[in-house]
Amino acid sequence: GMVGAALLLNQLSIEEGFAAFDVDADGVVSREDLGSAVASLEMQLTPQEVDALFAHWSPSGAGVDREAWAAGLGGADVNGVIRSRDLFMLTRRALSPTPGGGE
């Protein structure tokens with residue numbers, strides 16, 4: 001749910017999201033990839049929450065391939081997650097250019 005909401009809010013397709021979370025680009029989102037991506041998106045998940053999310057998506061612990069990624073995001077309650085975790089503010093702050101900066 002939370003990952004799907006982050007992808008939607010950042011206008012990433014499921015495939016683009018997979019690429020963003022597959023940090024080492026080996027075709028599988030490992031536990032390490034997931035932890036790195038969650039940190040870079042400032043999703044504010046504890047290590048235990050990241051472990052639980054990874055275990056949910058990859059019961060074998062082998063990692064999340066593209067098929068499992070798409071299946072895992074297919075039924076996400078995106079709006080419920082956004083309301084429950086203030087995800088909109090988290091992801092917009094993490095991925096938007098700094099307001100008033102630069103130009």
Side-chain angles (χ1 to χ4, degrees):
M2 186 169 203
V3 172
L7 297 182
L8 178 69
L9 288 169
N10 292 295
Q11 300 177 344
L12 294 175
S13 69
I14 288 175
E15 183 62 28
E16 290 166 334
F18 182 85
F21 276 74
D22 181 17
V23 175
D24 59 8
D26 66 352
V28 175
V29 176
S30 66
R31 167 60 183 83
E32 292 75 21
D33 289 339
L34 185 60
S36 295
V38 162
S40 70
L41 289 172
E42 296 182 26
M43 292 174 65
Q44 298 185 353
L45 295 178
T46 67
Q48 294 80 11
E49 289 170 322
V50 175
D51 287 343
L53 179 60
F54 183 74
H56 173 75
W57 276 2
S58 179
S60 72
V64 184
D65 62 16
R66 281 182 170 78
E67 185 176 308
W69 177 266
L73 291 176
D77 176 13
V78 171
N79 291 326
V81 170
I82 292 168
R83 285 191 303 271
S84 70
R85 297 293 295 254
D86 286 334
L87 188 63
F88 180 80
M89 296 306 295
L90 294 176
T91 57
R92 283 292 179 220
R93 184 176 63 238
L95 295 177
S96 295
T98 305
E103 313 201 36

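For D22, the side-chain hydrogen bond (donor to acceptor under 3.5 Å, both in side chains) criterion is met by no residue, not counting sequence neighbours. Under the side-chain hydrogen bond (donor to acceptor under 3.5 Å, both in side chains) criterion, D51 pairs with R31, not counting sequence neighbours. For E15, the salt bridge (Lys or Arg N to Asp or Glu O under 4.0 Å) test picks out R66, with sequence neighbours left out.
Taking each heavy atom of F54 and V64 in turn, the nearest pair found is CE1-CG2, 4.3 Å. Heavy atoms only, all atoms of each residue included: A20 and A37 are closest at O-CB, 4.2 Å. Residues V28 and G63 share a closest heavy-atom pair of CG1-CA, 3.4 Å.
Using cut-offs of 30° and 60° on the angle between ring planes, the pair W69 and W57 is perpendicular.
Both V50 and F18 are assigned to one and the same hydrophobic cluster, defined by single-linkage of ILVMFWY side chains at heavy-atom distances under 4.5 Å.
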